Every structure is written in C-alpha cells, then in structure tokens.
**Student:** 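Structure in structure tokens, see below.
Indexing begins at 1, ligand by ligand and atom by atom, following the structure's order. This structure is a prediction, so every number in the text was calculated from the model and none was measured.
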Amino acid sequence: MAKTRRAALYLDKGGTGKTTSAVHLGAALNELGYSVLVVDLAGKQGDCADALGILEEVQTDIENEDDFPNVATTMGSRWSDVADMVGDEEAVDRLVYQTNAGIDLIPAHPDLDGLDADLGNIDNVDERYNRLQTFLDEFVEPVNRWDVVLLDMPGLANNITYNGLWAAQNVVTPVSMGSFELKQARSLEDDLEQIRSNYGQDVRLRMLIPNLFDRRTTLHADLLERFEKEFADLVAPEFVVDSQQIRTVTEAGQTLFDLNEDSLLKTGKDARDAFLANAEELYYRLGESQ
Ligand SMILES: Nc1ncnc2c1ncn2[C@@H]1O[C@H](COP(=O)(O)OP(=O)(O)OP(=O)(O)O)[C@@H](O)[C@H]1O
Ligand SMILES: [Mg+2]
C-alpha cells in the first residue's frame, strides 16, 4: 500500500488561514472518501480542536491530567516507554480524538512550548528535527488507518515547525491577495531551498492557496495573475473567497461541510467547492511526490 500522503500547512506568518485550510481540506478529503488525520503543532491554544468542536473535551482531559501521552510526547524522550508499555497501536490511539467532521485529530498541547525549548538543547540537527518524522514513519504508518496526514503548523519557524517540515516534506500555503504576501511566498520558497541544500531534506512547496479572495476588487484579480505568473502550477486550481460563513461555522466548531445545502450562503458554497477542488488536486500532487 502507498505511503500515507502528508502535507504541512505552513507560512511563517500569523492569520493567513493555515488552520482554516487544514480543517477544511481535511473535511473535503473526508468528503472525497479519504480518511484524514490532522496533527495540530500550532501552539497551545488548540485552534484545530476548537474549529472541530472538541476543545472542551480536550481541555477537560488536560484539567483531569488525562493528557498523557499527547502530541508533545511523540517528539520527546518518553514516547518509546509509552509504546513499550501499551503497544504501538494503542499508544497512537491514546493521542487521537474523533471529531464530527469525520476527521481524526491529534490536538495541540501546552507541553509543545517546553518541547520547543528541549529540542533546542539537542546539538545534533538530525536528532533535533527528525522526531516527528520518526513517529509518523514508525508508529502512525504501520497503523494503516489514514490516507492523508495534515499538519497544522505555527506561523513562525521554531524547532517544532522544522519537525513538521521534515515529517511532511510537502508544504501547502494559504496566502491572501497582497503584494506583501507575494514577497512572503517568495521568501518561503527561499527558506525551503535553504533547507534542501543545508539539511538534504526534500521539503517542497506543493500548493499555494489564494485565500480571502474578494471578487469585487480588480486588485485581487491582478494579484492572482501575478501569483500565477510567478508560481505557475503551484497555485491551487481554485481561490477561496472571503466568506463570513467560514468565520461563523468555525466559531461554532464546525466546517462548511457540516452545513446542508439550504443553509449555505453563496460565498460559503463557493468556498466549500473550492476546498473540494483543491483537496482533490492536493491528493493527486502528494501522490506524485512520493
Ligand atoms: N476564506 C476565508 N474567509 C473568511 N475568513 C477566513 C477565511 N480564511 C480564514 N479566515 C479567518 O481568518 C482568521 C485567521 O485564520 P486562521 O486561524 O485559519 O489562520 P492561521 O494562519 O491558522 O493563524 P495562526 O497563524 O494564528 O495560527 C480566522 O478568524 C478565520 O476564521
Ligand atoms: Mg492557526
């Protein structure tokens, strides 16, 4: 069987739509019949759990100290003890929450902060950055339960981010339509080139998703053209419109895929269709890269 397809939603900037895209691409892939695991590496606030309607459950587990092992454990020194004690598959099971969207989630955890510092103390760079890759290869892969693993990443480059990039190798980047964002996309390409030449990791940008697109302004259409001219086939097949309904469903712990046809507004429907088209294309691109 083909190796699980992996992608990291990443740009070293906050608020560009990484979490929204991780959750909606995950829900779209699920709609297309693929089983999806989302791993939230993006800090302690638990945005993915929130967007998928299970934040309360996750927080209750943390308050009751029923939060070991967690995502940070997978990159720390105690993971092999957990696996030895309960068995590999059970150890993975203990990390995973099921959500209404049909996606499985390994939520973020407050221990990620300390983990970032701990990783920084490891001198050997392979040792420092290959933790998550090893976890996915040796523990998640054999469970054989997911077709796609999506990593929601922090909007900055830290040791956890590098673990995510090493583990996924494929980067998906939501960008809004601005010339500053165009520059950021360029500098992301430079950063990935640096990683490839300095560390020998074949980390590549696979998809740029134009996000928060406003059809009413020619400025956005012009910028989209510039993105397409410069990044050509890397641009996703469909832009995602700025849709108030995305904000509303996210706040309610749902995705656009949880709404029935009647309650979808025009922009909500457009956004949902765009996520579907982009998810299908992403699945294909991730397969090609293997
Ligand atoms: N297409 C869209 N239409 C409307 N609102 C959107 C869209 N995409 C994202 N948003 C909103 O923009 C805000 C930031 O999005 P999101 O949390 O996904 O960004 P992020 O890159 O994950 O941020 P961070 O770096 O803080 O993790 C959220 O309130 C989200 O609901
Ligand atoms: Mg986020």
Side-chain angles (χ1 to χ4, degrees), residues 7-28 38-55 58 71 99 101 103 105-110 112-113 116 150-158 160-161 164-165 168 171-178 180-181 184-185 187-188 191 205 207-217 220 223-224 227 235-259 264-279:
L9 279 292
Y10 178 58
L11 182 67
D12 58 344
K13 172 167 193 270
T16 63
K18 296 179 294 293
T19 300
T20 306
S21 305
V23 163
H24 277 84
L25 286 172
V38 172
V39 183
D40 189 348
L41 301 173
K44 57 190 164 207
Q45 72 276 16
D47 286 350
C48 285
D50 200 12
L52 291 167
I54 59 160
L55 186 61
V58 172
V71 64
T99 75
I103 305 169
L105 173 68
I106 300 180
H109 190 277
L112 282 171
D113 276 353
D116 180 42
L150 298 176
L151 310 180
D152 186 24
M153 305 269 275
L156 53 97
N158 63 18
I160 312 268
T161 312
L165 294 176
V171 177
V172 176
T173 303
V175 281
S176 39
M177 295 292 96
F180 183 62
E181 282 74 8
Q184 277 177 329
S187 86
L188 173 69
D191 292 347
L205 181 62
M207 183 175 273
L208 269 179
I209 306 179
N211 190 27
L212 292 157
F213 194 92
D214 186 348
R215 282 209 176 84
R216 292 163 303 183
T217 155
H220 281 194
L223 277 156
L224 183 58
F227 269 100
V235 179
E238 304 282 344
F239 56 74
V240 179
V241 290
D242 188 330
S243 156
Q244 178 57 37
Q245 199 160 25
I246 289 186
R247 293 189 192 93
T248 322
V249 287
T250 303
E251 270 159 35
Q254 290 186 313
T255 74
L256 292 172
F257 293 89
D258 295 314
L259 302 181
L264 272 171
L265 306 172
K266 168 86 171 91
T267 55
K269 188 177 182 321
D270 285 354
R272 189 200 58 179
D273 292 348
F275 281 119
L276 269 177
N278 293 343

**Student:** For Ala271, state whether at least one heavy atom is located under 4.0 Å from any atom of ligand 1.
**Tutor:**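 Contact check Ala271 vs ligand 1: negative.
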**Student:** Which atoms from ligand 1 have a heavy atom of Gly14 less than 4.0 Å away?
**Tutor:**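 That gives atoms 25 (O) of ligand 1.
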**Student:** What protein heavy atom is closest to atom 31 (O) of ligand 1, reported as residue, atom name and distance in Å?
**Tutor:**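 Atom 31 (O) of ligand 1 sits closest to the protein heavy atom Arg247 CG, 3.7 Å.
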**Student:** Consider side-chain contact (heavy atoms from CB on, under 4.5 Å). Of Asp258, Leu264, Leu256, which one does Val249 pass it with?
**Tutor:**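 The option that passes is Leu256.
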**Student:** Evaluate the criterion side chain to side chain contact (heavy atoms under 4.5 Å, CB included) for residue pair Ile160 and Met153; output intermediate values, then yes/no.
**Tutor:** CA-CA 8 Å; Ile160 312 268; Met153 305 269 275; over 6 Å; no
**Student:** Is any side-chain N of the basic residue among Asp47 and Lys18 closer than 4.0 Å to the acidic one's carboxylate O?
**Tutor:**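 So Asp47 does not pair with Lys18 through a salt bridge.
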**Student:** Any ion pair linking Arg216 and Asp242 (charged N to carboxylate O, less than 4.0 Å)?
**Tutor:**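 Judged by the 4.0 Å cut-off on N to carboxylate O distance, Asp242 and Arg216 do not form a salt bridge.
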**Student:** Between Val58 and Pro107, which heavy-atom pair has the shortest distance, and what is it?
**Tutor:**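 For Val58 versus Pro107, the nearest heavy atoms are CG2-CG, 3.9 Å.
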**Student:** When you measure from atom 18 (O) of ligand 1 to every protein heavy atom, which one gives the shortest distance, and what is it?
**Tutor:**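 Checked against all protein heavy atoms, atom 18 (O) of ligand 1 sits closest to Thr20 OG1, 2.5 Å.
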**Student:** Can you tell me if an N/O/S atom from Thr20 lies under 2.8 Å from the Mg ion (ligand 2)?
**Tutor:**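 Under 2.8 Å: Thr20 has no N, O or S contact with the Mg ion (ligand 2).
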**Student:** Can you tell me which portion of Thr19 lies within the under-4.0 Å heavy-atom range of ligand 1? Options are side chain, backbone, both, or neither.
**Tutor:**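 Thr19 to ligand 1: contacts from backbone and side chain alike.
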**Student:** Within ligand 1, which atoms have a heavy atom of Gly17 less than 4.0 Å away?
**Tutor:**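 Matching atoms, with element in brackets: 15 (O), 16 (P), 18 (O), 19 (O), 20 (P), 21 (O).
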**Student:** Are there protein heavy-atom neighbours of atom 12 (O) of ligand 1 below 4.0 Å?
**Tutor:**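 No.
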**Student:** List every atom of ligand 1 that sits less than 4.0 Å from any heavy atom of Asp242, numbering the atoms from 1 in the order shown and giving each element.
**Tutor:**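 Within the 4.0 Å cut-off of Asp242, ligand 1 contributes 3 (N), 4 (C).
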**Student:** Looking at atom 29 (O) of ligand 1, would you say a protein heavy atom lies below 4.0 Å from it?
**Tutor:**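 Under the 4.0 Å cut-off, atom 29 (O) of ligand 1 has no protein heavy-atom neighbours at all.
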**Student:** Relative to the ring of Phe239, is the ring of Phe213 parallel (under 30°), tilted (30 to 60°) or perpendicular (over 60°)?
**Tutor:**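 The arrangement is parallel - the two ring planes meet at less than 30°.
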**Student:** Verify the distance criterion only: is there a donor paired with an acceptor across the side chains of Asp214 and Thr217 at less than 3.5 Å?
**Tutor:**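 No donor-acceptor contact under 3.5 Å links the two side chains.
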**Student:** Looking only at distances, please establish whether an N/O atom of ligand 1 is found under 3.5 Å from an N/O atom of Gln45.
**Tutor:**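 For ligand 1, there is no N or O atom that lies under 3.5 Å from one belonging to Gln45.
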**Student:** Any idea which atoms of ligand 1 are less than 4.0 Å away from a heavy-atom of Ile246?
**Tutor:**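 Numbered from 1, ligand 1 contributes 1 (N), 2 (C), 3 (N).
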**Student:** List the atom of Phe275, the atom of Leu25, and the distance in Å for their closest heavy-atom pair.
**Tutor:**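 Looking at all heavy atoms of both residues, the shortest contact is O-CD2, 3.9 Å.
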**Student:** Do the non-hydrogen side-chain atoms of Val172 and Ile209 ever get within less than 4.5 Å of each other?
**Tutor:**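 Side-chain contact under 4.5 Å: yes.
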**Student:** Within a distance under 4.0 Å of any heavy atom of Val240, pick out the atoms of ligand 1 and give their elements.
**Tutor:**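 Under 4.0 Å from Val240, ligand 1 has these atoms: 1 (N).
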**Student:** Checking contacts here: is it the side chain or the backbone of Val241 that comes within 4.0 Å of ligand 1, counting heavy atoms only? Could be both or neither.
**Tutor:**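 It is the backbone that touches ligand 1; the side chain stays farther off.
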**Student:** State, yes or no, whether a side-chain contact exists between Asp50 and Gln45 at a heavy-atom distance under 4.5 Å.
**Tutor:**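 No. Closest side-chain heavy atoms not under 4.5 Å.
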**Student:** Using heavy-atom distances only, which candidate in Asp47, Asp40, Leu212, Leu256 approaches atom 7 (C) of ligand 1 most closely?
**Tutor:**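 Heavy atom nearest to atom 7 (C) of ligand 1 belongs to Leu212.
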**Student:** Pairs of nitrogen or oxygen atoms closer than 3.5 Å, one from Gln244 and one from ligand 1: do any exist?
**Tutor:**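 There is no such contact.
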**Student:** Flag Thr250 as yes when one of its N or O atoms lies below 3.5 Å from any N or O atom of ligand 1, and as no otherwise.
**Tutor:**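 The answer is no, given that Thr250 and ligand 1 share no N or O pair closer than 3.5 Å.
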**Student:** By number and element, which atoms of ligand 1 are closer than 4.0 Å to a non-hydrogen atom of Thr16?
**Tutor:**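 Within the 4.0 Å cut-off of Thr16, ligand 1 contributes 19 (O), 20 (P), 21 (O).
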**Student:** So, do Glu181 and Lys13 sit near enough that their side-chain heavy atoms are less than 4.5 Å apart?
**Tutor:**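 Answer yes - side chains close enough.
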**Student:** Between ligand 1 and Ser21, is the shortest N or O to N or O distance under 3.5 Å?
**Tutor:**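 Checking ligand 1 against Ser21, no N or O pair falls under 3.5 Å apart.
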**Student:** Any atom of ligand 1 sitting under 4.0 Å from a heavy atom of Ser243?
**Tutor:**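 Yes; Ser243 lies near enough to ligand 1 that a heavy-atom distance drops under 4.0 Å.
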